[in-house]
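See below for the structure under consideration.
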Amino acid sequence: MNEMTLIAATQAGLAEEMRRDTRVWCLGEDLARGGVFGQYAGFLEEFGPKRVVSTPISEAMIMSAGLGAALAGTRPVVEMRIADFTLCAMDELVNQVAKVRYMFGGQARAPMVIRMPHGLARFSAAQHSQSLEAWLVHIPGLVVLAPATAADCKGLMKAAIRSDDPVILFEPRSIWASTGEVPGGDDVTPIGVARIARRGDDVTLVSWSMTVPLALAAAESAAREGISVEVVDLRSLWPWDKEAVLASVARTRRAVIAHEAVKIAGFGAEIAATIGEELAGTLVAPVVRVGAPRIPVPYAPLLEDAYRVTSEKILAGLRQVARGRSAAHDDRSSATT
Amino acid sequence: MNEMTLIAATQAGLAEEMRRDTRVWCLGEDLARGGVFGQYAGFLEEFGPKRVVSTPISEAMIMSAGLGAALAGTRPVVEMRIADFTLCAMDELVNQVAKVRYMFGGQARAPMVIRMPHGLARFSAAQHSQSLEAWLVHIPGLVVLAPATAADCKGLMKAAIRSDDPVILFEPRSIWASTGEVPGGDDVTPIGVARIARRGDDVTLVSWSMTVPLALAAAESAAREGISVEVVDLRSLWPWDKEAVLASVARTRRAVIAHEAVKIAGFGAEIAATIGEELAGTLVAPVVRVGAPRIPVPYAPLLEDAYRVTSEKILAGLRQVARGRSAAHDDRSSATT
Amino acid sequence: MSVAQTNTRVALGLELLRSMIRIRSFEEAARSVHAKGEIPGVLHLSIGQEAMPAGVCANLRLTDTIASTHRGHGHCIAKGAGPAAMMAELFGRLDGTCRGKGGSMHIADFAVGMLGANGVVGGGIGIAVGAAQAARLLGDGRVSACFFGDGAVNRGPFLEGLNWARIYDLPVLFVCEDNGFAAFTRPTETTGGPGAPARARSIGIPTFEVDGNDAMAVHDAAAEALEQCRRGKGPAFLYALTYRIDGHTIADRTPYRSAEEVQLRRADDPIERLRATLAEQGVEAAALMRIAVEAEHEMQAAIAFARASPIPGVHEALSDVQDAGAPS
Amino acid sequence: MSVAQTNTRVALGLELLRSMIRIRSFEEAARSVHAKGEIPGVLHLSIGQEAMPAGVCANLRLTDTIASTHRGHGHCIAKGAGPAAMMAELFGRLDGTCRGKGGSMHIADFAVGMLGANGVVGGGIGIAVGAAQAARLLGDGRVSACFFGDGAVNRGPFLEGLNWARIYDLPVLFVCEDNGFAAFTRPTETTGGPGAPARARSIGIPTFEVDGNDAMAVHDAAAEALEQCRRGKGPAFLYALTYRIDGHTIADRTPYRSAEEVQLRRADDPIERLRATLAEQGVEAAALMRIAVEAEHEMQAAIAFARASPIPGVHEALSDVQDAGAPS
Ligand SMILES: Cc1ncc(C[n+]2csc(CCOP(=O)(O)OP(=O)(O)O)c2C)c(N)n1
Ligand SMILES: Cc1ncc(C[n+]2csc(CCOP(=O)(O)OP(=O)(O)O)c2C)c(N)n1
Ligand SMILES: [Mg+2]
Ligand SMILES: [Mg+2]
């Protein structure tokens with residue numbers, strides 16, 4: 001085990017994969033200068049300019065050149081700089097990358113990783129702060145990952161690169177500088193498997209990416225109020241670990257879902273709807289979704305706080321479901337529903 | 001009342017608004033030739049080339065020139081040809097159009113209509129058949145409409161043009177050729193108000209756009225099986241008529257949501273989650289979502305049918321919720337939940 | 001020209017003629033079965049434009065790659081795909097190149113380096129550019145070619161792709177087929193300035209302009225351009241004027257142009273032109289006729305093959321989506 | 001030059017100098033309060049590039065419009081926005097031009113035709129083009145100008161926007177500020193061929209190239225270009241070389257360039273150049289000094305204003321989203 005920052009863990013994961021497989025290469029703006037966040041530092045020196053390609057500001061081409069190169073036998077890692085700029089490459093991602101395998105009847109594969117640091121950071125306002133994971137979960141053909149820990153930043157980077165599917169890697173930019181334990185070896189985090197970040201009995205709290213630490217903090221506070229919270233770090237959004245979530249909720253019979261993205265039509269809706277479908281009669285309180293209000297991200301810190309999902313807001317959600325109905329009441333009603 | 005096709009109704013709505021307000025103009029590919037589906041026939045002749053602008057194949061510019069022109073005092077109607085091509089203008093739509101008013105602190109307005117004929121039509125395969133309404137509902141700043149009838153195709157076109165918000169108008173391409181009654185006067189369909197397309201008591205069936213006729217057909221079949229279905233044509237997806245849906249479901253205590261889009265992370269999830277939040281304890285069966293499987297749209301007709309939401313699939317959903325639990329059982333259990 | 005040279009040219013001419021005739025026959029066959037309702041989707045025909053794929057692809061190896069457009073039958077055949085599997089694809093059958101999932105607009109044959117037709121105007125540009133970049137990375141000597149229409153030159157990917165190929169000196173040939181129309185609109189209405197070749201030159205890409213209905217000329221220009229690519233000089237650009245004899249789609253009755261115009265352009269048929277040249281050069285009428293007859297037989301066989309091919313079962317709809325998280 | 005002409009030139013020079021000095025003072029003031037932690041977000045400074053906004057905007061009327069970039073303070077001030085409201089915006093205050101919702105990257109002042117900075121490279125191009133199209137439709141005689149950096153010329157909207165302006169002959173001036181860098185990367189590494197002006201010419205747009213650190217030259221070229229726009233000749237393109245003295249953002253310590261390079265370029269300061277010219281032309285040192293002092297006072301007042309301005313209440317976060325379906 002090594003203690004390292006999340007950003008260093010992603011970097012280590014990518015570097016190890018590039019050493020392992022010479023077909024892996026990366027492309028994006030400013031990569032020859034180590035990348036805008038420094039996460040490619042030393043790559044040019046180690047892997048050379050053919051495998052560490054500093055590109056023009058041409059997001060559409062970054063994505064589609066990546067695709068063409070994937071179709072022609074390489075395994076590109078496509079750097080989008082921040083998730084918002086993917087909007088400039090959406091046709092290439094959704095109409096091309098996601099669909100080639102299917103559209104061409106299985107002749108083609110697009111083994112690509114698309115890196116998208118996402119979410120709020122340093123008061124960056126409306127065009128540099130978005131979380132659009134719900135969009136990409138909706139798109140057939142894509143795998144969608146959203147790690148929250150150093151170990152998973154590394155382990156899911158490796159899994160993404162080894163996958164033959166196009167994989168979207170949402171990266172938790174705002175917590176990149178935090179640290180965590182990373183296994184020393186060639187540890188690959190399995191795709192589609194959630195991580196139980198904290199055990200608990202009263203409420204299941206589902207979260208991912210930068211919201212996981214907030215969820216854990218909220219769980220901690222809730223514990224002090226006598227609410228025992230199980231925190232599920234989803235890690236993979238598609239495929240998502242329905243079994244783990246449902247098993248937990250089946251036990252706790254209360255669920256909160258928390259994500260930084262806008263709540264309306266966010267991925268939390270899919271999870272809430274699924275819990276409703278599978279466990280409707282057994283819940284003792286309605287599922288609560290905690291997400292941003294449906295507003296663009298504002299600049300001023302206090303306004304940003306109105307947008308921001310915080311551990312307090314999550315805690316409020318936990319209290320709401322915990323309060324909802326008393327256990328005794330639940331036990332009676334559940335017998336008949 | 002006039003009987004007219006849905007496409008003629010949209011055309012009439014647009015033409016009337018262009019006559020009423022000279023600041024309204026439209027831009028898109030092939031408009032000078034009447035548009036690719038003929039829905040601008042005669043416009044060039046009536047309104048001239050400054051107000052009926054045939055553009056290059058430059059979707060990004062169609063969207064952002066529309067935005068610039070809206071900011072500078074006109075009211076553009078932006079033709080995207082089909083919704084799929086909006087992917088080529090997603091940055092312009094989501095990072096710019098949707099956000100200008102907020103980002104600039106209310107100084108600016110973007111009174112634009114963005115026309116997006118969407119969904120399946122004539123075996124057009126993966127890149128010409130998508131329904132992405134869930135995406136745009138998720139984006140703050142946008143109004144999202146999806147009419148299903150001739151009257152609403154006209155009435156919501158008019159409402160969209162008169163709105164000072166940027167309005168996404170999803171148009172039901174596959175049923176454009178069908179006909180319906182259209183009021184003769186200057187009838188504007190209110191934004192945010194659902195239409196009860198059929199009254200019923202046992203199940204609430206929520207739908208919109210091209211899926212509404214299928215929903216009505218399914219309701220008809222269900223009626224023959226003794227299931228009385230209330231069909232809610234949502235018409236507006238954002239804002240959506242939560243009150244109407246919840247009022248209906250509160251009465252029927254059973255809900256099915258049907259849309260052509262992919263079910264996973266579709267807008268149906270938001271509705272199902274909301275019903276769960278608001279009416280959890282009162283439902284007698286889990287909400288059922290009917291949507292496409294998470295696959296790109298295939299070409300071959302039988303394969304397309306696997307993707308396609310049909311009245312049979314909706315009927316199956318209706319049966320499932322109706323069967324779910326017996327009314328007697330429900331009545332007992334609801335007393336305690 | 002020496003006799004040997006003349007013979008080589010005649011052999012090349014015959015090769016190009018065969019390629020063009022096979023494309024034409026394929027599309028006419030497709031049109032005829034479409035009229036009978038046997039092809040469910042829409043077709044974009046390239047009748048009149050066959051010199052372009054024939055001339056360019058004659059210079060490509062099997063391992064070289066191409067990216068195509070919505071009007072991709074010709075590129076597909078010229079690159080070496082079999083008409084039977086292609087026809088089955090148009091029919092939406094299991095033996096189609098895409099197992100019935102793509103149809104005409106997504107026809108593709110990766111086995112011959114045809115990386116797909118594309119439903120998005122300009123969508124193939126980045127794919128070809130990326131394939132060239134992969135070739136460079138892998139050092140395998142492949143080049144790629146990218147076909148697109150006059151309409152694509154006003155879309156962002158045109159600029160981004162050309163610039164990209166230039167700065168990395170990628171071995172890619174951009175082929176602009178100006179067929180007089182983008183859907184219902186003429187390029188002159190939507191393309192500012194001197195046009196596509198000037199744009200390519202402004203990005204530093206050597207540009208070749210050629211009569212797009214002269215298959216030999218197309219071939220020769222493409223040969224020279226691709227030679228540069230193969231020699232590591234980076235991208236090249238080929239621009240050709242041709243004419244879309246049919247409508248934009250098979251349903252388009254072209255009210256926006258006169259019958260006279262079409263008549264006039266039809267007289268400049270690239271197949272007839274090459275046939276005449278070869279006849280002048282002494283190729284026997286029988287030999288020329290044989291090519292047409294063989295093509296006709298090949299396409300009838302393709303139709304028979306397509307008709308006999310199984311309709312994909314509904315379960316096929318769920319396959320080949322993705323490994324992780326596939327629908328079930 | 002006649003005496004009258006000389007006087008006019010001197011007056012213009014003083015106007016441009018004042019504009020540049022105000023921009024410089026604003027950014028230096030912003031930098032100083034940013035260092036104290038009073039500005040929450042990131043800043044992109046345009047120090048060294050002031051001749052561009054000053055020279056171009058001196059030719060624009062209040063009703064004319066401009067679209068800007070992430071590096072937009074200079075454009076904003078030169079177009080007539082007040083530094084106090086701008087500074088308040090950087091502070092995230094209620095009296096900010098965007099009521100604290102935009103910050104530096106979305107600074108805008110619609111009252112003076114400044115249609116916004118933009119967080120997306122190339123994002124302003126279409127906005128300016130569309131504004132010009134609206135002006136044409138409304139027949140109100142407005143022109144628009146569009147600022148963008150060397151990095152934007154490799155994005156799709158550059159091609160699409162230039163082509164669009166050309167085919168509709170829109171009154172828009174494209175202004176490419178080549179400041180030597182796109183973030184950490186030099187234009188030579190990412191821009192193929194002869195560069196932006198050649199690209200504009202290939203689209204048929206008349207192009208002006210000018211020393212971007214010579215405010216009078218920028219002014220004169222813009223005057224000529226905008227004159228063409230106003231006379232209905234359609235778009236024009238202005239390209240200028242300048243230099244980004246500061247880092248890409250205020251946090252960028254520019255390890256990718258040498259201190260010598262910066263030193264060298266700093267010697268070519270556009271403000272010092274114009275100051276020297278004016279001194280040569282007989283403008284008194286005191287008059288020149290007064291401009292600087294006034295600007296300094298103006299910016300200190302702007303800081304005081306910003307500090308005193310209320311922090312927007314949390315409820316403000318929910319306003320100005322949309323009319324229908326606004327959050328509550
Ligand atoms: C991005 C995009 N916009 C619009 C369309 C609709 N469309 C299909 S083909 C076509 C015309 C293309 O013209 P051109 O590039 O000249 O090719 P051609 O059809 O002449 O072969 C259009 C507008 C599309 N497929 N993709
Ligand atoms: C579409 C897009 N891609 C990437 C970025 C990140 N980014 C911000 S500024 C910048 C460099 C822009 O360079 P240039 O256009 O020359 O403007 P300058 O910063 O030099 O003023 C980059 C890459 C962005 N904002 N938008
Ligand atoms: Mg064409
Ligand atoms: Mg620059």
Side-chain angles (χ1 to χ4, degrees), chain B residues 28-38 40-41 44 49 53-64 81-82 84-89 91-92 120-130 262-265 291-308, chain C residues 39-42 70 89-94 96 98-107 118-123 149-158 182-185 187 189-192 248-249 251-252 254-256 311-322 325-328:
Chain B
E29 296 152 13
D30 295 313
L31 294 205
R33 305 282 128 65
V36 68
F37 302 112
Y40 294 87
L44 180 68
V53 176
S54 237
T55 71
I57 307 174
S58 304
E59 279 76 11
M61 209 40 47
I62 297 172
M63 187 68 77
S64 63
R81 200 172 183 115
I82 57 174
D84 310 68
F85 301 147
T86 313
L87 288 161
C88 301
D91 171 63
E92 289 73 17
L120 299 174
R122 295 178 305 148
F123 318 113
S124 300
Q127 294 173 336
H128 284 61
S129 309
Q130 293 165 87
V262 165
K263 175 180 150 182
I264 300 293
R294 195 174 176 279
I295 60 174
V297 179
Y299 165 69
L302 270 186
L303 298 184
E304 201 192 73
D305 283 344
Y307 178 91
R308 186 192 309 277
Chain C
I39 291 178
V42 81
H70 53 287
E89 188 57 33
L90 305 196
F91 275 66
R93 300 299 170 92
L94 202 57
C98 306
R99 300 174 69 82
K101 282 176 173 161
S104 167
M105 205 149 46
H106 306 296
I107 200 147
N118 209 303
V120 177
V121 169
D150 47 283
V153 307
N154 299 319
R155 279 208 63 227
F158 176 83
F184 312 158
T185 299
E189 299 174 58
T190 53
T191 304
H248 171 52
T249 69
D252 171 19
T254 70
Y256 46 83
I311 290 174
V314 168
H315 65 282
E316 291 277 342
L318 302 185
S319 68
D320 278 324
V321 180
Q322 57 195 97
S328 52

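Since the model is a prediction, treat every value here as computed from it, not as a measurement. Proteins get letters first, then strands, A, B, ... in listed order; numbering begins at 1 in each.
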Show the numbers, then the answer: is there a side-chain contact (heavy atoms from CB on, under 4.5 Å) between Asn118(C) and Gln127(B)?
-> CA-CA 9 Å; Asn118(C) 209 303; Gln127(B) 294 173 336; 3.6 Å; yes
Side-chain donor-acceptor distances from residues 296-303 of chain B under 3.5 Å, at least two apart:
| unit_1 | atom_1 | unit_2 | atom_2 | d |
| --- | --- | --- | --- | --- |
| Tyr299(B) | OH | Gly41(C) | N | 3.1 |
| Tyr299(B) | OH | Leu90(C) | O | 2.5 |

Can you check whether Leu318(C) reaches Ile295(B) side chain to side chain, under 4.5 Å on heavy atoms?
-> yes
Given that the side chain runs from C-beta out, which part of Tyr307(B) has a heavy atom under 4.5 Å from chain C: side chain, backbone, both or neither?
-> neither
Closest non-hydrogen atom pair between Ala125(B) and Lys101(C), with its separation | CB-O, 4.4 Å
Would you mind checking which part of Val120(C) comes under 4.5 Å of any heavy atom in chain B, side chain (CB onward), backbone (N, CA, C, O), both or neither?
-> both
Would you please test Arg294(B) and Gln322(C) for side-chain contact (heavy atoms from CB on, under 4.5 Å) and show each step?
-> CA-CA 10 Å; Arg294(B) 195 174 176 279; Gln322(C) 57 195 97; 2.8 Å; yes
Identify the two heavy atoms, one from Ala182(C) and one from Ile57(B), that lie closest to each other, and give their separation to 0.1 Å.
-> CB-CD1, 3.9 Å
Do Thr190(C) and Glu29(B) touch side chain to side chain, with heavy atoms closer than 4.5 Å?
-> no
Which of the residues His106(C), Met105(C), Glu89(C), Arg93(C) is involved in the greatest number of heavy-atom pairs with chain B at under 4.5 angstrom?
-> His106(C)
Any side-chain donor-acceptor pair under 3.5 Å between Asp30(B) and Thr185(C)?
-> yes
Checked Gly325(C), Pro312(C), Gly192(C), Pro327(C) vs chain B; the most non-hydrogen pairs under 4.5 Å come from Pro312(C)
Are any of the side-chain nitrogens in Arg33(B) or Glu189(C) under 4.0 Å away from the carboxylate oxygens of its partner?
-> yes
Counting only heavy atoms closer than 4.5 Å, note whether Ile311(C) contacts chain B via side chain, backbone, both or neither.
-> side chain
Residues passing the side-chain hydrogen bond (donor to acceptor under 3.5 Å, both in side chains) test with Tyr256(C), sequence neighbours excluded, are Arg244(C), Asp252(C)
